[in-house]
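Predicted model only: the values in this text are computed from it and were never measured. Chain letters run A, B, ... following the sequence lines, proteins first, then strands; residues in each count from 1.
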Protein chains: 2
Amino acid sequence: MLDEIDRMLLALLKQDTRRKYSELGEIVHLSPPAVHERVKKLERAGVIRGYTIEIAPDALGLSLYAFVRLRVSRVPCEELARTLHTFSEVEECYSSAGTESMMIKVHTATPATLELLLDRIRQMPGVEGFQTSIVLATHFQRENIPMD
Amino acid sequence: MLDEIDRMLLALLKQDTRRKYSELGEIVHLSPPAVHERVKKLERAGVIRGYTIEIAPDALGLSLYAFVRLRVSRVPCEELARTLHTFSEVEECYSSAGTESMMIKVHTATPATLELLLDRIRQMPGVEGFQTSIVLATHFQRENIPMD
DNA sequence: AGTGAAAGTGCTTGTGG
DNA sequence: CCACAAGCACTTTCACT
């Protein structure tokens with residue numbers, strides 16, 4: 001489905017989408033229209049879901065990250081996820097195997113804001129309790145694009 | 001530092017960077033060159049760190065996500081982070097407050113690959129143990145851009 | 001800082017191999 | 001599936017407000 005050239009293009013575009021097609025073509029040894037054709041195909045296939053910017057995490061005045069693991073009972077996780085989606089501070093939401101059935105990543109300006117958020121989460125039906133891990137440092141974030 | 005128009009532009013570009021400057025200008029009531037000027041300023045200020053693509057998580061044949069919380073002793077977290085960076089399956093790496101001093105997000109093709117990775121992590125000096133949470137569902141991932 | 005017009009550049013499409 | 005060439009749209013710059 002995806003050959004090596006496709007994977008190289010994905011890796012290159014992941015680094016910087018504003019590379020010229022001619023530049024990409026030189027690297028993968030293809031002409032600009034050929035690169036264009038492949039990229040469009042990746043878009044249509046849904047492999048490339050969208051073109052976005054990476055924003056400096058601290059530029060927006062939100063300095064506090066935390067992971068919260070939720071202990072859930074009775075209520076389906078998907079239903080809780082819909083409620084959590086309405087809290088703008090909740091940036092990621094997962095279901096997981098284990099005692100804590102859900103895990104979220106939250107992003108707030110201050111500890112006080114985090115406390116308010118946790119208060120709201122505590123009141124959600126089905127949430128029996130949670131464990132919070134404050135993030136002290138983000139060492140790296142990246143994406144793994146295997147070339148096989 | 002960042003006014004409301006800047007934040008709107010960031011939110012719009014986050015959704016789709018291939019919007020035309022004229023299109024952005026209509027929304028924020030500015031001319032294309034004015035939008036251009038602001039975007040360049042955001043780039044120079046480091047608020048916009050880069051332009052990337054979003055890749056469908058399952059398109060690359062990696063179907064298994066897991067969070068691993070590491071119990072660390074003796075060794076500085078930053079040193080462990082450098083070692084973890086050499087494992088391509090480790091996509092995110094954080095230091096956190098609490099009993100488990102570090103937390104990583106890993107992305108592998110199969111449970112067998114995950115096991116091999118955990119074996120390697122287990123052998124790292126300073127890693128006393130870890131707890132693994134397999135991700136069953138990713139409900140949402142997004143970014144919070146406050147408009148204040 | 002923002003506007004308007006003009007120039008430059010790369011994207012995009014059609015034709016052909 | 002890819003290379004070549006041309007039309008076209010957008011980005012980018014410049015002079016001015």
Exactly one of S96(A), S101(A), S95(A) clears side chain to side chain contact (heavy atoms under 4.5 Å, CB included) with S133(B), and that residue is S96(A)
Residue set satisfying side-chain hydrogen bond (donor to acceptor under 3.5 Å, both in side chains) with T110(A), at least two apart, ordered chain then number -> T113(A)
Could you tell me whether the side chain of H85(A) reaches within less than 4.5 Å of the side chain of V90(A), counting heavy atoms only? no
Enumerate donor-acceptor pairs with a distance under 3.5 Å from any side-chain N or O in residues 57-68 of chain A to protein atoms, sequence neighbours excluded.
from   : atom 1 : to      : atom 2 : distance (Å)
S63(A) : OG     : A109(A) : O      : 3.1
Y65(A) : OH     : H107(A) : ND1    : 3.4

Its 5'-most and 3'-most nucleotides having an atom under 4.0 Å from a non-hydrogen atom of chain B, DNA chain C is contacted over dA1(C) to dA5(C)
If you count every heavy atom of other residues, nucleotides or ligands that lies below 6.0 Å from M1(A) atom CE, does the total exceed 12? no
Residues passing the side-chain hydrogen bond (donor to acceptor under 3.5 Å, both in side chains) test with E54(A), sequence neighbours excluded, are R49(B)
From the list V47(A), L42(A), T17(A), V39(A), side chain to side chain contact (heavy atoms under 4.5 Å, CB included) partner of I53(B) resolves to T17(A)
Protein-proximity profile, nucleotides 2-13 of chain D, B/S/- by nucleotide at the 4.0 Å heavy-atom cutoff, equals SBBB----SSSB
### Query
Can a salt bridge be assigned to the pair E91(B) and K105(B) using a cut-off of 4.0 Å between side-chain N and carboxylate O?
no
Q141(B) atom CD, neighbour heavy-atom count above 12 within 6.0 Å
yes
With both pairing distances under 3.5 angstrom for Watson-Crick or G-U wobble, and | for a partner in another strand, the correct string for DNA chain C is ||||||||||.||||||
Exercise. Between E43(B) and K40(B), is there a salt bridge with N-O shorter than 4.0 Å?
Worked result: yes
